[in-house]
Amino acid sequence: MPLLLPKRVKYRKAHRGKRRGAAKGGTRLAFGEFGLKVLENGWITAAQIEACRVAISRTLSRGGKTWLRVFPDKACTTHGQEKPMGSGKGLVDHWVAVVKRGRIIFEVDGIPERAARDTMRLAASKLPLRTRMVSRKGEETR
């Protein structure tokens with residue numbers, strides 16, 4: 001499967017923005033029994049999301065369902081190595097999803113808690129941010 005990217009965007013290149021504050025939405029489990037919650041602010045690239053998705057689907061191995069709750073819709077640009085300063089903003093290099101602390105990024109259902117814990121641990125190892133597994137029981141588990 002190719003990496004995630006939007007079909008169309010209103011503006012080709014975006015400002016970097018501030019990475020502070022807590023998530024306004026997407027902080028509760030909506031679909032599955034277990035989820036992976038982000039504990040700090042940052043960007044998650046489309047490649048990292050895809051690596052997590054592949055790790056989760058491989059550990060589930062046809063038992064259970066997965067939901068992806070973030071989408072990379074922000075363009076990150078880069079300049080070539082030998083470009084002089086003052087020659088404008090670079091070309092779009094990759095796409096990222098902006099995540100704030102408290103946001104649920106993956107959910108799984110249909111598997112026991114032990115398997116969910118291993119699955120989320122594998123997915124979390126592919127991400128650049130600290131995360132925590134949460135369950136529908138109400139308490140946060142490590």
Smallest separation among heavy atoms of [X] and [Y], with atom names:
| X | Y | value |
| --- | --- | --- |
| G102 | K37 | O-CE, 3.5 Å |
| A97 | I49 | CB-CD1, 4.2 Å |
| V99 | I105 | CG1-CG2, 4.0 Å |
| T131 | V38 | CG2-CA, 4.2 Å |
| L3 | A47 | CD2-CA, 3.7 Å |
| R130 | E40 | N-OE2, 2.9 Å |

Item checked: Members sharing V92's hydrophobic cluster (side chains within less than 4.5 Å) -> L5, V9, W95

Next item on the list: Please write out which residues are connected to F31 in a hydrophobic cluster, directly or through intermediates, given that two of Ile, Leu, Val, Met, Phe, Trp, Tyr count as joined at side-chain heavy-atom separations below 4.5 angstrom.
Entry: W67

Next item on the list: Test side chain to side chain contact (heavy atoms under 4.5 Å, CB included) on T66 and S57 and set out the steps.
Entry: CA-CA 8 Å; T66 310; S57 63; 5.6 Å; no

Would you say [Y] ends up clustered with [X] if hydrophobic residues are merged whenever their side chains have heavy atoms under 4.5 Å apart, either directly or through other cluster members?
| X | Y | value |
| --- | --- | --- |
| V70 | L36 | yes |
| F34 | L68 | yes |
| W43 | L91 | no |
| M133 | F106 | yes |

Does the side chain of [Y] come within less than 4.5 Å of [X]'s, by heavy atoms?
| X | Y | value |
| --- | --- | --- |
| L29 | E107 | yes |
| P72 | L4 | yes |
| T59 | D118 | no |
| R58 | L122 | no |

Notebook entry, point to check: How would you list, by chain and number, every residue that makes a salt bridge (Lys or Arg N to Asp or Glu O under 4.0 Å) with R101, sequence neighbours excluded?
Noted result: none

Starting at [atom1] of [X], measure out to [atom2] of [Y] and round the result to the nearest 0.5 Å.
| X | Y | atom1 | atom2 | answer |
| --- | --- | --- | --- | --- |
| K126 | E50 | NZ | CD | 12.0 Å |
| I56 | K65 | CD1 | NZ | 12.5 Å |
| I104 | R132 | CD1 | CZ | 11.5 Å |
| M120 | S125 | CE | OG | 12.5 Å |
| D93 | T45 | CG | OG1 | 10.5 Å |
| K74 | H15 | NZ | NE2 | 9.0 Å |

Next item on the list: Flag the pair K137 and E113 as a salt bridge only when some basic side-chain nitrogen lies within less than 4.0 angstrom of an acidic carboxylate oxygen.
Entry: yes

Quick check: does any side chain N or O of [X] sit under 3.5 Å from a backbone N or O of [Y], one acting as donor and the other as acceptor?
| X | Y | result |
| --- | --- | --- |
| H79 | G88 | yes |
| R103 | R69 | yes |
| Q48 | P128 | no |

Margin query: Taking CZ in R19 as the centre, count heavy atoms belonging to other residues, nucleotides or ligands within less than 6.0 Å. Is the count above 12?
Written below: yes

Checklist line | Steps toward side chain to side chain contact (heavy atoms under 4.5 Å, CB included) verdict (I44, L129) | finding: CA-CA 8 Å; I44 300 177; L129 307 171; 4.0 Å; yes

